[in-house]
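Comments concern the structure below.
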Amino acid sequence: MKLVIPTRLRDKLPDDFAYPLWPSRITEYLQNTPQRDDAELVFHWREEFWESHWRQRILQHGTVKLVSAQYTTNWSPYFPKWKINIFSVPKEYLTAAQEILFGGELERLAARLRDYGLTPDHDIDDAITMNLAEWDHDETRLSPQQLTSEPDKVA
């Protein structure tokens, strides 16, 4: 049995959000990268500190991060050098997010990580993103209120 990349943090999600990845699946995709044994997973329910900016992008069907790989040259010896962030998406976009990730984007991220090597000489913040406006959402996951509201009025 392959050990999964350790998870440092997993935010509890609101009911209308879901994570598009799970630890064993991201570990599988990063298996042959140098970062595999020197990384940690962090699951965030939103992708940036300022919630209102992030929520506004969701409501306006903007671009959101799905996964990011971060490396800092000023790393602490107490934590791995590489951090793999997995961000949640509104549940109605979960299938579309997984189509992006499993449709080749995770393989491309793994290839870029191999190119960076374990200890690049500069900070890295490489992300897989999704523009919500470019994808149909799964209407079966929307509430009746959301179905009758204009997109920019949904709370």
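Summarising the local packing, CG of Asn32 is surrounded by 12 or fewer heavy atoms from other residues, nucleotides or ligands at distances under 6.0 Å.
Inter-residue side-chain proximity for Val64 and Thr129 is flagged as unmet; no heavy-atom pair is nearer than 4.5 Å. When side chains are defined from C-beta on, Asp121 does not count as touching Thr73, because their heavy atoms never get closer than 4.5 Å. Within the 4.5 Å cutoff, no side-chain heavy atoms of Phe87 are placed close to those of Pro20. For the pair Leu21 and Tyr29, the minimum side-chain heavy-atom distance is 4.5 Å or more. With a 4.5 Å cut-off on side-chain heavy atoms, Leu41 and Pro6 do not count as touching. Residues Met130 and Leu132 form a side-chain contact, since some pair of their non-hydrogen atoms from C-beta on lies under 4.5 Å apart. Residues Trp22 and Ile26 form no side-chain contact, since every pair of their non-hydrogen atoms from C-beta on lies 4.5 Å or further apart. Within the 4.5 Å cutoff, side-chain heavy atoms of His44 are placed close to those of Val42.
Under the salt bridge (Lys or Arg N to Asp or Glu O under 4.0 Å) criterion, Asp125 pairs with Lys65, not counting sequence neighbours. Under the rule for a salt bridge (Lys or Arg N to Asp or Glu O under 4.0 Å), the partners of Arg112 that lie at least two apart in sequence or sit in another chain are Asp126. Scored by the salt bridge (Lys or Arg N to Asp or Glu O under 4.0 Å) test, Arg108 finds Glu105 as partners (sequence neighbours excluded).
In this structure, OG on Ser88 lies 10.0 Å from CG on Leu94, to the nearest 0.5 angstrom. To the nearest 0.5 Å, atoms CG (Leu106) and CD1 (Ile128) are separated by 4.5 Å. Here CG of Leu109 is found 8.5 Å from CD of Gln35. Values are rounded to the nearest 0.5 Å. Separation of atoms CG (Leu3) and OG (Ser24) is listed at 12.0 Å; rounding is to 0.5 Å. Taken to the nearest 0.5 Å, the OG1 atom of Thr63 stands 7.0 Å off from the CD atom of Glu134. Taking CD1 of Ile86 as the start and OH of Tyr19 as the end, the distance is 9.0 Å to the nearest 0.5 Å.
Just one of Arg8, Lys81, Lys83 meets the salt bridge (charged side-chain N to carboxylate O under 4.0 Å, His left out) condition when paired with Glu40; it is Arg8.
What you find for Pro34 and Leu118 is that their closest heavy atoms are O-CD1, 3.4 Å. The shortest non-hydrogen separation linking Gln70 to Asn85 is OE1-ND2, 2.9 Å.
Under a hydrophobic-cluster definition in which Ile, Leu, Val, Met, Phe, Trp and Tyr are linked whenever side-chain heavy atoms come within less than 4.5 Å, directly or via other members, Leu66 and Leu9 are assigned to different clusters.
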Leu113 vs Trp82, side-chain contact (heavy atoms from CB on, under 4.5 Å): CA-CA, chis, key distance, verdict: CA-CA 10 Å; Leu113 290 174; Trp82 285 91; 3.6 Å; yes

Chi angles and distances behind the side-chain contact (heavy atoms from CB on, under 4.5 Å) call for Thr119, Tyr71: CA-CA 8 Å; Thr119 55; Tyr71 172 83; 3.8 Å; yes

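Taking the six-membered ring where the residue is Trp, Trp45 and Phe17 present perpendicular rings, their angle passing 60° and hence far from 30°.
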